[in-house]
Amino acid sequence: MQYIVRNNLYNPTFTLTNCDGSNVDLSTSTVKFILKSNKTDSDSSALLVGEYVNSDTNIVQFEFDANETRNLPVGRCIGALKIYRADNKNEEVWSEEYTVTEGVFND
């Protein structure tokens, strides 16, 4: 389980590799991090969405500042990493439960 602290910076990093251990080619792809309240919610109603386009490496890092995490509901959410490829072979490559918590110091 992953944790996000409301009203704080959150910057997840993902290293994407193929089954054989080689780097995933993301040069013509868009990678999205999507956080939703429920797995069945539409992507358009996501709580957080980060987008990384045409990466020249297999490492993608998203950054959500305190303003973006401020209104997240405390509790459990589901996060997913999706790759949208130029050849339309789109895929969800990872998903996990998240817990959104209050920080020690909150405004």
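Any value given below was found using the heavy atoms of this structure, including those in side chains, with hydrogens, waters and symmetry copies removed.
A donor-acceptor pair shorter than 3.5 Å cannot be found between the side chains of Y10 and Y3. T57 and S55 form no side-chain donor-acceptor contact under 3.5 Å, judged by distance and modelled atom types alone.
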_Assess the residue pair N54 and L26 against the criterion (side-chain contact (heavy atoms from CB on, under 4.5 Å)); give the C-alpha distance rounded to whole Å, side-chain angles, the decisive distance to 0.1 Å, and a yes or no._
CA-CA 6 Å; N54 301 334; L26 299 173; over 6 Å; no
*Walk me through it: do D43 and K32 pass the test salt bridge (charged side-chain N to carboxylate O under 4.0 Å, His left out)?*
CA-CA 10 Å; D43 290 355; K32 286 187 178 181; over 6 Å; no
*Could you please spell out the steps behind the side-chain contact (heavy atoms from CB on, under 4.5 Å) verdict for L81 and L16?*
CA-CA 10 Å; L81 197 63; L16 304 176; 3.8 Å; yes
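Although no hydrogens or angles enter the test, the distance criterion places no donor-acceptor pair under 3.5 Å between the side chain of S29 and the main chain of I83. Under a 3.5 Å cut-off, the side chain of E96 and the backbone N or O of M1 do form a donor-acceptor pair. Checked by atom type and distance alone, the side chain of N67 never pairs as donor or acceptor with a backbone atom of D65 at under 3.5 Å. The main-chain N or O of S22 is found under 3.5 Å from a side-chain atom of D20 such that the two form a donor-acceptor pair.
The two residues Q61 and N11 come nearest to each other via the heavy atoms NE2-ND2, 3.4 Å. When all heavy atoms of S45 and S42 are compared, the closest pair comes out as OG-O, 2.9 Å. Scanning both residues, N58 and V24, for their nearest heavy atoms gives CB-O, 3.5 Å. Heavy atoms only, all atoms of each residue included: P73 and R6 are closest at CA-NH1, 4.5 Å. Counting all heavy atoms, side chain and backbone alike, R85 lies closest to N90 at N-OD1, 2.9 Å.
By the side-chain hydrogen bond (donor to acceptor under 3.5 Å, both in side chains) test, T40 pairs with no residue at all, sequence neighbours left out. Shown here are the salt bridge (charged side-chain N to carboxylate O under 4.0 Å, His left out) partners of D41, two or more places apart in sequence or in another chain: there are none. Partners of T17 under the side-chain hydrogen bond (donor to acceptor under 3.5 Å, both in side chains) rule, at least two apart in sequence or in another chain, do not exist in this structure. Residues satisfying the side-chain hydrogen bond (donor to acceptor under 3.5 Å, both in side chains) test with E97, not counting sequence neighbours, are R76. Scanning for side chain to side chain contact (heavy atoms under 4.5 Å, CB included) contacts around L48 gives L35, F64, E68, L72, with sequence neighbours left out. In this view, E63 satisfies the salt bridge (charged side-chain N to carboxylate O under 4.0 Å, His left out) rule with no residue, not counting sequence neighbours.
Aromatic ring orientation, F14 versus F62: perpendicular (interplanar angle above 60°, classes split at 30° and 60°).
Taken together through direct or relayed side-chain contacts under 4.5 Å among Ile, Leu, Val, Met, Phe, Trp and Tyr, V60 and W94 form part of one hydrophobic cluster. When the side chains of ILVMFWY residues are joined at heavy-atom separations under 4.5 Å, either directly or via intervening members, V93 and Y98 end up in a single hydrophobic cluster. Cluster annotation: F33 is connected to V100 through the hydrophobic network of ILVMFWY side chains, with a link wherever side-chain heavy atoms come within less than 4.5 Å.
Separation of atoms CD1 (I4) and CG (L47) is listed at 9.0 Å; rounding is to 0.5 Å. Rounding to the nearest 0.5 angstrom, the gap separating the NZ atom in K82 from the OG atom in S95 is 9.5 Å.
You'll find the side chain of T30 reaches within 4.5 Å of the side chain of E51, heavy atoms only.
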